[in-house]
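Encoded as structure tokens, the structure appears first; notes follow it.
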Amino acid sequence: MLTRAGPGIMGQMEVPAVLRASELFEGLPDSALRHFLDATVERTAAANEEIFSLGESGEALYLVVSGKVRIFRDSLNGRRKSLAFINPGGVFGEMSLVEERPRSASAEAVEDTTLRMMFRDYYCHYIERYPRFAHNIARIIASRLREANDEVLLLTFEEARTKIAYSLLKMARHNLGRSVSSGWQLPLVHQEVANLAGTSRETATRVLHEFRDRGILSLSPGGIVILDVSRLEEQLFGA
Ligand code: CMP
């Protein structure tokens, strides 16, 4: 659902803390945030609703105000791989906007989510007025490239145990799941772990059972609980 704020209405409003804390606005004054709120459009998406799909033309970037968004690609054989989860204050959809090319991945809401959409015309006007905004976008893209490089290397050369430890830690770092009394619960089934780590489901199950037997994880119908983050990290550093 789209809602456009009338001109000047948001200008009178308090800037939400989530925007002020966002890396998108680092180094920018509150007036820049108010201009952003004034000229962007609110979009809501219910849990599991598609926001856009791979290959569509990309006319806007999105800032997550509340909720959570999954960025993913489907392989030709129908396996889905989550590339990232975008949390409040995070941005996505900036690649098509900057490159003027189709969407490089699909996006869906994981839970009920509120977004602000910034369209290309306004983006061009905004970066002229606030060049720091373009620098912030470049930093976000650079940090994603860095993470993607690490991931390619790890998923190409390392053994299954390392790949699976990395994938679980990445999901926890992206704030997927929730804190439970024994640790951090990830709502993942074994096939999803296999897709993230680029292994077969059988291999994922074998490694998850090994981690469980060593007390690093527990496995339950609700997902995988990371009981001991440090020992899971050791699986990476030992690589
Ligand atoms: P865009 O190509 O417009 O649409 C898909 C979006 O997903 C893309 O912009 C980025 O914002 C985001 N995205 C694509 N790949 C990754 C990745 N590896 N990590 C995080 N975000 C990504």
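- Checked against side-chain contact (heavy atoms from CB on, under 4.5 Å), K81 has the following partners two or more places apart in sequence or in another chain: L83, E151, L155.
- Under the side-chain contact (heavy atoms from CB on, under 4.5 Å) criterion, D150 pairs with no residue, sequence neighbours left out.
- No more than 12 heavy atoms of other residues, nucleotides or ligands shown are found within 6.0 angstrom of CZ on R146.
- The side-chain hydrogen bond (donor to acceptor under 3.5 Å, both in side chains) contacts involving residues 17-33 comprise R20-D30, E26-R139, where partners must be two or more places apart or lie in separate chains.
- Take Y62 and apply the ring pair (Phe, Tyr, Trp, His ring centres under 6.0 Å) test, not counting sequence neighbours, and it matches F52, F92.
- Looking at R161 and Q235, their side chains never bring a donor and an acceptor atom within 3.5 Å of each other.
- Partners of D121 by side-chain contact (heavy atoms from CB on, under 4.5 Å), not counting sequence neighbours: none found.
- Among pairs with a residue in residues 213-235, none fulfils ring pair (Phe, Tyr, Trp, His ring centres under 6.0 Å), at least two apart in sequence or across chains.
- Here R214 pairs with E210 under the salt bridge (charged side-chain N to carboxylate O under 4.0 Å, His left out) rule; sequence neighbours left out.
- Screening residues 104-113 for side-chain hydrogen bond (donor to acceptor under 3.5 Å, both in side chains), with sequence neighbours left out, gives R70-E108.
- Partners of L188 under the side-chain contact (heavy atoms from CB on, under 4.5 Å) rule, at least two apart in sequence or in another chain, are L168, M171, L176, L186, E192, V193, L196, I224.
- Hydrophobic side-chain contacts under 4.5 Å tie L227 into a cluster, directly or through other members, with V180, V225.
- Taking the six-membered ring for Trp, F25 and F36 have ring centres closer than 6.0 Å.
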Report, one line per pair, each donor and acceptor closer than 3.5 Å where one atom sits in a side chain of residues 123-130; sequence neighbours left out.
| from | atom 1 | to | atom 2 | distance (Å) |
| --- | --- | --- | --- | --- |
| Y126 | OH | A32 | O | 2.6 |
| Y130 | OH | H35 | ND1 | 2.6 |

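- In the hydrophobic cluster analysis, where Ile, Leu, Val, Met, Phe, Trp and Tyr join through side-chain heavy atoms closer than 4.5 angstrom, V41 is grouped together with V64.
- No continuous path of ILVMFWY side-chain contacts below 4.5 Å connects I86 to M95, so the two sit in separate hydrophobic clusters.
- When the side chains of ILVMFWY residues are joined at heavy-atom separations under 4.5 Å, either directly or via intervening members, I51 and L54 end up in two distinct hydrophobic clusters.
- Take S75 and apply the side-chain hydrogen bond (donor to acceptor under 3.5 Å, both in side chains) test, not counting sequence neighbours, and it matches N77.
- Ion pair R103/E56 not flagged as a salt bridge, since none of the NZ, NE, NH1 or NH2 atoms sits closer than 4.0 Å to an Asp/Glu carboxylate oxygen.
- When the side chains of ILVMFWY residues are joined at heavy-atom separations under 4.5 Å, either directly or via intervening members, L232 and L236 end up in a single hydrophobic cluster.
- Heavy atoms of other residues, nucleotides or ligands lying less than 6.0 angstrom from CZ of R101 number 12 at most.
- Heavy-atom minimum distance, E59 versus L97: O-CD1, 3.5 Å.
- Taking all atoms of both residues into account, the shortest heavy-atom contact from L28 to L33 is O-CD1, 4.2 Å.
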